[in-house]
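A, B, ... follow the sequence lines: proteins, then strands. Residue 1 opens every chain.
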Number of protein chains: 2
Amino acid sequence: MTAPAPRRSTKQREAVREALEASDEFVSAQALHQAMRAEGSTVGLATVYRALAALAEDGEADALQSAGELLYRACTKTHHHHLICRSCGRTVELEAAAVERWAGQVAAAHGFIEPDHVVDIFGLCAECAAARSGSAR
Amino acid sequence: MTAPAPRRSTKQREAVREALEASDEFVSAQALHQAMRAEGSTVGLATVYRALAALAEDGEADALQSAGELLYRACTKTHHHHLICRSCGRTVELEAAAVERWAGQVAAAHGFIEPDHVVDIFGLCAECAAARSGSAR
DNA sequence: GCCTTAGTGAGAACGATTGTCAATCTCGGC
DNA sequence: GCCGAGATTGACAATCGTTCTCACTAAGGC
């Protein structure tokens, strides 16, 4: 496990990382690919998928599934959760030691080991809420 | 909103509900369809998808995405979370008022409204843990 | 500079899900 | 109980995101 996974640094992978970091929201592989193409890059879609998977594996990006799509975002490497606007995608990183503890305790109480957890909060950010009540209903 | 959604009760929908309740783990639509076929039912795959979507919408089933698949499970209608064995799929329903509160507070603190959240814990249940350390490497 | 081999790009392949449409069945009225 | 309108069904095609394949390119060690 944790194989030595030789990983060469290539222009494409760098480009993907940059493109990802340029966005502060979760983006799909497809969207990222389109954006990169639009900027003149010639990367292939498959490469974007591979690069994103590699980044996620290395802990340099967080992945989440939404509406059947895989979304990625460049995140801090420390463990955290997300508060995501379901309208504009704006994302806030959250620390939640209390929730970590709770998850560990609950898992242990039921005899589960190696607990892992998914904790994400979706909502409507202040701006989107205002925009909606403006053009209401 | 919450349209009166006329919903007729049909044999197929009942059958899907029963098949779903017969399993206490999360199952994919495909697996459920296969199981029903194996039991002699003639339901179509599309019908299973539609029935599951309807059940989920009515709050009679919980849906979660895992490994790119949509999984369903018959659950209590009250809001709850899950503790899921990543090996055998055994599922425990959890109540977590504290987490609900936390989610609401965090969302509000960042100006988000209509908070919704995804909180699931994955782990290895006692039996699977034992089985693994038994056949351990 | 040369060689080995991981990485790349284009497109095909794949698998889960959704749409289409004629046939069927439910439900409310008679 | 019978009828008709319209929701639901089942088989299949279509769609869409993701992964695979394979010939080619280029990174990194010598």
Next on the checklist: Without decimals, in angstroms, what is the distance between A/E14 CD and D/dA26 P?
Outcome noted: 17 Å

Next on the checklist: Can you confirm whether B/E93 sits close enough to B/H82 that some side-chain heavy atom of one is under 4.5 Å from a side-chain heavy atom of the other?
Outcome noted: yes

Next on the checklist: With each end axis built from five pairs of C1' atoms, what bend angle do you get for the helix from C/dG1-D/dC30 to C/dC30-D/dG1? Round to 10°.
Outcome noted: 40°

Checklist outcome for this item: Of B/Y72 and B/S9, the one whose closest nucleotide on DNA chain C sits nearer the 5' end is B/Y72

Next on the checklist: If we ignore hydrogens and angles and just use 3.5 Å, is the side chain of A/R73 paired with the main-chain N or O of A/D24 as donor and acceptor?
Outcome noted: yes

Item to check | Reading 5' to 3' through nucleotides 9-18 of chain D, protein heavy-atom contacts under 4.0 Å coded B for base, S for sugar-phosphate only, - for none | outcome: BBB-----SB

Item to check | B/Q65 CD - C/dG15 P separation (whole Å) | outcome: 19 Å

Item to check | Rounded distance (Å) that lies between atom P of D/dT19 and atom CD of A/E57 | outcome: 12 Å

Checklist entry - Is it true that B/E14 and B/K11 make a salt bridge, defined as a side-chain N closer than 4.0 Å to a carboxylate O? => result no

Item to check | B/W102 side chain reached by B/V119 side chain, heavy atoms, under 4.5 Å | outcome: no

Next on the checklist: Quick one, A/L94 and A/V99 - any side-chain contact, counting heavy atoms below 4.5 Å?
Outcome noted: no

Next on the checklist: Do A/L20 and A/E60 make a side-chain contact, defined as non-hydrogen atoms from C-beta onward lying under 4.5 Å apart?
Outcome noted: no

Checklist outcome for this item: Exactly one candidate in A/R37, A/Q30, A/M36 meets side-chain contact (heavy atoms from CB on, under 4.5 Å) with A/H33; the answer is A/R37

Item to check | Between NE2 on residue A/H117 and NE2 on residue A/H81, distance to nearest 0.5 Å | outcome: 3.5 Å

